[in-house]
Number of protein chains: 2
Amino acid sequence: MSTSGKTAYHHGDLRAALLSAAMEMLEGGEPFSLRAVARRAGVSPTAPYRHFKDRDALESALAAEGFRDLLDGLGGGRGLPASLPDLAEFAVAYVAFALRRPALFRVMFGKPCDGADDERVKAADALHQLLADALDRVFPDADAEALASAGWGLAHGLACLYLDGKLRAASDEEVAGRVRGAFLALVSVGA
Amino acid sequence: MSTSGKTAYHHGDLRAALLSAAMEMLEGGEPFSLRAVARRAGVSPTAPYRHFKDRDALESALAAEGFRDLLDGLGGGRGLPASLPDLAEFAVAYVAFALRRPALFRVMFGKPCDGADDERVKAADALHQLLADALDRVFPDADAEALASAGWGLAHGLACLYLDGKLRAASDEEVAGRVRGAFLALVSVGA
DNA sequence: ATACTGTGTTAGCACTGCAAACATAACGCA
DNA sequence: TGCGTTATGTTTGCAGTGCTAACACAGTAT
């Protein structure tokens, strides 16, 4: 490492350094590439290949980190949805996360994500399961699976549409209000 | 052109040829690049720049075509949603489109889409407006704007999640069933 | 001590988007 | 008819990318 005066041919914890460099670039708006990440970490252009098979593997690791943060943000702050209004706030928080960390959100979702062993798949399943569990407790008679998909779908769809500029709002507050409104409009239309 | 025996230094309708070549490649699963598209159209690597400012411009044109097809598919086939079940079928059709033409769908939505003059923005607005109009007729008392956003959001979110493998189903029929189920579960939970 | 293994480096390939300078053909107008 | 102008395509070239292969260095185990 650099903190000691040692030769530092071996970095010490390159993998972590690469991940944080990549995350910084991603969130900083710079288009991130393996080579650029390597530059930022101060190593040779191909050093990352010792730690990540692929560009995809790096992305996958970033995405996994994103899922952890998302789960923390959703579960941690306000407790799991326990009522209809809670569900609405869940959607609001989900969309807020997407708008606060747009590039990360895109990395988390933007691509096929095929491999069964993909970290992302497990993380996504965890989110879905968490939602389904919570909903099952709140609405025991309903089809929790279907409801969880719907809730996730609605939140995710609105997040994407606002993120891509397909839906527009002036401020984050307005987005929150619109998301809440959309959710409530939909659940109350069947009454 | 090539159909006549002429010299064919000028292609005749390169722009259209490039677009259809690009669409074929996109739908064919090949990662599409300006150069590859040019190759496929049988012209020099940089010829496309005469017709598209950017790689983005080509993508934008493809996306616009995609939006037209999507609108046709939604509006044309079954008439606009006129009832709650219709809305569900609308969502089903939306997701089906995404799964049938995944790469196109990603191009249509996958990126910021900033420019105010972007064809995509207008196309997306048209979709939103169409939905809002239809819903306003069906549910005059409801907030049509909010409802349209919710409907679009739900359909779009489910489309993304199935497309990315975050939600999974064995067959297209199962997807359709689950989308319907999710929609109905959500609107009936508020009853 | 010696081999081995893990980690980093250099060199090089095929590809990409894009800009500049050039070539060719069509069209407008005398 | 002939001559410029303009639209369209070509060649050349640059910087950047992902990735592989061959090499260099350092710590560990035998």
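So that the names make sense, note that chain A is the first sequence line, chain B the second, and so on, each numbered from 1. Since the structure is predicted, the reported quantities are computational estimates derived from the model, not experimental observations.
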Just list the side-chain donor-acceptor pairs under 3.5 Å for residues 136-147 of chain A, sequence neighbours left out, or say none.
{"unit_1": "A/Asp143", "atom_1": "OD1", "unit_2": "A/Glu145", "atom_2": "N", "d": "3.2"}
{"unit_1": "A/Asp143", "atom_1": "OD1", "unit_2": "A/Ala146", "atom_2": "N", "d": "3.2"}

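- Residues satisfying the salt bridge (Lys or Arg N to Asp or Glu O under 4.0 Å) criterion with A/Asp172, sequence neighbours excluded, are absent altogether.
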What side-chain donor-acceptor pairs closer than 3.5 Å can you find for residues 60-69 of chain B, not counting sequence neighbours?
{"unit_1": "B/Ser60", "atom_1": "OG", "unit_2": "B/Asp118", "atom_2": "OD1", "d": "3.0"}
{"unit_1": "B/Asp69", "atom_1": "OD2", "unit_2": "B/Arg101", "atom_2": "NH1", "d": "2.8"}

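- With sequence neighbours excluded, the residues forming a salt bridge (Lys or Arg N to Asp or Glu O under 4.0 Å) with A/Arg106 are A/Asp164, listed by chain and number.
- Only one option out of B/Leu161, B/Leu154, B/Val179, B/Leu167 pairs with A/Ser149 in a side-chain contact (heavy atoms from CB on, under 4.5 Å); it is B/Leu167.
- Residues that satisfy the salt bridge (Lys or Arg N to Asp or Glu O under 4.0 Å) test with B/Arg55, not counting sequence neighbours, are B/Glu59.
- Residues passing the side-chain hydrogen bond (donor to acceptor under 3.5 Å, both in side chains) test with A/Asp125 are B/Arg168, sequence neighbours excluded.
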Under 3.5 Å, which protein N or O atoms sit close to an N or O of nucleotides 13-15 of chain C? Give each pair with its distance.
none

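- Taken residue by residue, residues 50-60 of chain A places heavy atoms nearer than 4.0 Å to DNA chain C at A/Arg50, A/His51.
- For A/Asp54, the side-chain hydrogen bond (donor to acceptor under 3.5 Å, both in side chains) criterion is met by no residue, not counting sequence neighbours.
- By the side-chain hydrogen bond (donor to acceptor under 3.5 Å, both in side chains) test, A/Tyr162 is found to be paired with no residue, residues two or more places apart in sequence or in another chain being considered.
- Helix bend of the helix from C/dA1-D/dT30 to C/dA30-D/dT1: the angle between its two end axes, each built from five pairs, comes to 10° after rounding to 10°.
- B/Arg35 pairs by the side-chain hydrogen bond (donor to acceptor under 3.5 Å, both in side chains) definition with nothing, not counting sequence neighbours.
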